There are 4 protein chains.
Amino acid sequence: MESAPKQTSAIEGAAKLRPAGDKYQRILDAAISVFAEKGFQAARVSDVADRACVADGTIYLYFRNKEELLVTAVNIAFDAFMSRARSELALIDSPAEKLRRIAQLHLEALGSNHDLAVVFQMELRQSAHLLAPFSRQHMIEYFDLLRQAIRQGQAEGTFRPNLPDKIAAKCFFGALDEMVTAWLLDHSNYKLSEVADIAADIILIGLQK
Amino acid sequence: MESAPKQTSAIEGAAKLRPAGDKYQRILDAAISVFAEKGFQAARVSDVADRACVADGTIYLYFRNKEELLVTAVNIAFDAFMSRARSELALIDSPAEKLRRIAQLHLEALGSNHDLAVVFQMELRQSAHLLAPFSRQHMIEYFDLLRQAIRQGQAEGTFRPNLPDKIAAKCFFGALDEMVTAWLLDHSNYKLSEVADIAADIILIGLQK
Amino acid sequence: MESAPKQTSAIEGAAKLRPAGDKYQRILDAAISVFAEKGFQAARVSDVADRACVADGTIYLYFRNKEELLVTAVNIAFDAFMSRARSELALIDSPAEKLRRIAQLHLEALGSNHDLAVVFQMELRQSAHLLAPFSRQHMIEYFDLLRQAIRQGQAEGTFRPNLPDKIAAKCFFGALDEMVTAWLLDHSNYKLSEVADIAADIILIGLQK
Amino acid sequence: MESAPKQTSAIEGAAKLRPAGDKYQRILDAAISVFAEKGFQAARVSDVADRACVADGTIYLYFRNKEELLVTAVNIAFDAFMSRARSELALIDSPAEKLRRIAQLHLEALGSNHDLAVVFQMELRQSAHLLAPFSRQHMIEYFDLLRQAIRQGQAEGTFRPNLPDKIAAKCFFGALDEMVTAWLLDHSNYKLSEVADIAADIILIGLQK
DNA sequence: TATGAATGAGAGTTCATTCAT
DNA sequence: TATGAATGAACTCTCATTCAT
């Protein structure tokens, strides 16, 4: 129903055309922004309402509770990323190029939206209890992209065949993930996507024959 | 279900010097155990007190507040790890072997203490606001170990020279970190230290000429 | 589960005079039904709107607030009862027969409309603060019927003369009232009007010489 | 503003069995007083805390929630009444005298404690949903007292044998109950226990041969 | 040191009511 | 008339922390 703008500001023009959709989106944007700023636990629902310029109760017309605000925002962003990644990868043959492209997309997506990156890197793994099961499902989807490319490379003979694709995928993801975390802790004072190739290359060399 | 953290036992000698020092340790152990089980936010101070078999108020004789419980427990564990790592690495010449050893120590330390691993992987990065500054200091120490080994390898000519050591270190750490996270999400149903060499090798090959 | 209150249909004729007058009635019926099911406090205005198949806001075109829904529904039912009781009693000479007839009408009215009975017995006396003043006015009207019959019996010499008619009326009403309450708590699994004569006789004997 | 319930002081001895007698009792007294004044729903827990001169949170050391405050207060009062009634009735032989004594005890107990009477008559029957099941159990206990006396009178030949004891008991209770309700609506401006004999006599004559 | 009863600030959520359409 | 999206006040309960003993 609703679209998931990566750049919320970019969408705003179109969003104005739909009064109802406008509020939904404004609340989601405000949520990401407030959660990134204060942390999910410390953020009050009324903070989100204030930033979205709606009444507290209005939030509950669109979301069941505070947690659903977080989950929905993340889902939308993640689905948008996966959808884009899948369509881009379909155009690429080489497994190495596929992995390189994933690295670029991953770091571009989070590098272009600081607040979303904070939520993904910090809040989303805060608790093995609250969000892990949900987050785990996303991880599996993402990892499938990686593992398919790795197995393809192994089948084609360009990647080392005796390497467990699951572990290789974890190394690849872990390296990218750490790029994002470090970028945030460094106050995002460089362009995240610039390190995509360097990081991807280190792992790719490790994978290749 | 409860496990007695190895690294905390290192403290016990000093703690015995003051009366009732075992309470200090019991509280820390209980804190890690409760935080791992319920998450830091959901855990109540009285849960920790119950598990440590002390009164609620007693905890405040040893720790200023709930957060200091977490910080202290993590600090002790981290210091024990760093101390051990430093002394072990002093005995190793080869940069590649140093990195391999770090990987082993990292995964052994967390693989042998599930609760501590949960706290490190989940709770510790929950908030860029609460713990990041503290966590960041630790990261720098750890990363220095990695970066020194990498630069040594580059100086010796065994590692690729044009690779930024900071990024390389992030890849290495990120890969190990993801091994731990995945192990926890997989319900720790295999031995974590067994994947140390596989992961280390992938990165090492990427680093080497 | 839903029942269409008899006494409200008496109003329908008048309601038809204005457009969409059936909505007024539908809302009242829905209110009694929902209040009986959930209790006045727990019932939401939107529950009533849903059951009446109107929008929430529509209710406020007919009633000032939630409380007025209850008051109006009860008033209408009570007025219908009083009007019927007065016209029936006008045809009866004997004071004892009058009281007997009141008992029958009382238990028939509530016995034939479970939801209305719940509202009368439970919700209506829930609060000395909310409804007591309103309820008190009704009580006085009803009690006047009883007291007139009692005083008539005393004047005619068939009832004990030294008995305060006010107290006698309370005994009579209290007995009937308890019949209704007990019937509801017994899940209405017998015909309420069947106990009218038994209860009335006990009090009547107590009143008579 | 505050009223010191008589009957609760009588209970205090037993209250020692409960945690921390003084505060526990003060909270219960305050609860009855506040509930009577504002009604259960409208009363805020902080009102009760204020009147008991304790912090809001203290109430939750003794009672699970607001509802348990009401239920406990009523239980204690009811148990005290039943206990007294049972021991007094054991000393009386005549069924008629037994019923007369119950009427006196009933009206004395509520007549001597206006706030408790309000809670019993108004709040306790506010909802078929919240409290009826609980209240029903109490009713059964009380009604057993009445029915035993009635059956005894029938067995001895002083009461009409063909009268269902259950219905007779309801008439008796209903009459007394209405005395209390009317007394409250009349602003308690006469002594409630004075009408005990008059009401009891009306029903007793109706029961006797 | 040790206790644990007491404190009271704090926030998520509901829902009666309004009002622009 | 009719709608239903939007409002925002209101309140229970939790739990980190304190302090008298």
Side-chain angles (χ1 to χ4, degrees), chain A residues 19-20 22-24 27 41-50 52-69, chain B residues 18-21 23-24 27 40-50 52-69, chain C residues 18-21 23-24 27 40-50 52-69, chain D residues 19-20 22-24 27 41-50 52-69:
Chain A
D22 173 55
K23 252 170 207 165
Y24 181 82
I27 291 168
Q41 298 278 359
R44 282 171 289 142
V45 171
S46 64
D47 292 333
V48 177
D50 286 350
C53 296
V54 298
D56 292 18
T58 303
I59 291 186
Y60 291 88
L61 296 177
Y62 296 94
F63 305 93
R64 266 202 307 271
N65 51 40
K66 187 182 170 189
E67 188 186 330
E68 205 184 82
L69 263 183
Chain B
R18 33 176 174 164
K23 270 189 187 158
Y24 182 81
I27 291 168
F40 176 74
Q41 297 277 359
R44 281 169 287 153
V45 171
S46 66
D47 291 334
V48 177
D50 286 350
C53 297
V54 298
D56 292 18
T58 303
I59 290 185
Y60 290 87
L61 298 176
Y62 295 95
F63 305 93
R64 266 202 312 270
N65 52 37
K66 186 183 171 187
E67 189 185 330
E68 204 185 81
L69 264 183
Chain C
R18 32 175 177 169
K23 270 188 187 158
Y24 181 81
I27 291 168
F40 177 74
Q41 297 278 356
R44 281 168 291 155
V45 171
S46 65
D47 291 333
V48 176
D50 286 350
C53 297
V54 299
D56 293 18
T58 304
I59 289 185
Y60 290 87
L61 298 175
Y62 296 94
F63 305 94
R64 266 202 312 268
N65 52 37
K66 187 183 171 188
E67 187 185 330
E68 204 184 80
L69 264 182
Chain D
D22 173 52
K23 256 172 202 164
Y24 181 81
I27 292 167
Q41 299 277 0
R44 282 171 289 142
V45 172
S46 65
D47 291 334
V48 177
D50 287 349
C53 296
V54 298
D56 290 20
T58 303
I59 290 185
Y60 292 87
L61 297 177
Y62 296 95
F63 305 93
R64 268 200 308 269
N65 51 38
K66 186 183 168 188
E67 188 186 330
E68 204 185 83
L69 263 183

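Predicted model only: the values in this text are computed from it and were never measured. Reminder, nothing fancy here: chain letters follow the sequence lines and each chain counts from 1.
- One interatomic measurement links the two molecules: CD1 of A:Ile59 to P of E:dA11, which rounds to 14 Å at whole-angstrom precision.
- Atom-to-atom, CZ of B:Arg44 to P of E:dG4 comes out at 16 Å; the value is rounded to the nearest Å.
- Of the side-chain N and O atoms in A:Lys66, none sit less than 4.0 angstrom from OP1 or OP2 of E:dA11.
- Of all nucleotides present, only E:dA20 satisfies the Watson-Crick or G-U wobble test against F:dT3, with each distance under 3.5 Å.
- Regarding contacts with the backbone of E:dT1, every side-chain N or O of B:Lys23 stays at 4.0 angstrom or more from both OP1 and OP2.
- Between B:Leu61 atom CG and E:dG4 atom P the separation is 13 Å, expressed in whole Å.
- Where B:Asn65 and D:Gly57 meet DNA chain F, the nucleotide closest to each residue was compared, and D:Gly57 sits on the side nearer the 5' end.
- Mapping B:Cys53 and C:Asp56 onto DNA chain E by nearest heavy atom places B:Cys53 closer to the 5' end of the strand.
- With rounding to whole Å, B:Asp50 atom CG is found 11 Å from E:dG4 atom C1'.
- In this structure, A:Ala43 reaches the sugar-phosphate backbone alone: every heavy-atom distance under 4.0 Å involves primed, P, OP1 or OP2 atoms, never a base.
- Remark: C1' of E:dT13 and CD of A:Glu68 are 14 Å apart, rounded to the nearest angstrom.
- Here B:Ser46 does not reach the OP1 or OP2 of F:dC15: none of its side-chain N or O atoms lies under 4.0 Å away.
- Between the OH atom of D:Tyr60 and the C1' atom of E:dA5 there is a distance of 17 Å, given to the nearest Å.
- At the phosphate of E:dA2, OP1 or OP2 sits under 4.0 Å from a side-chain N or O atom of B:Tyr62.
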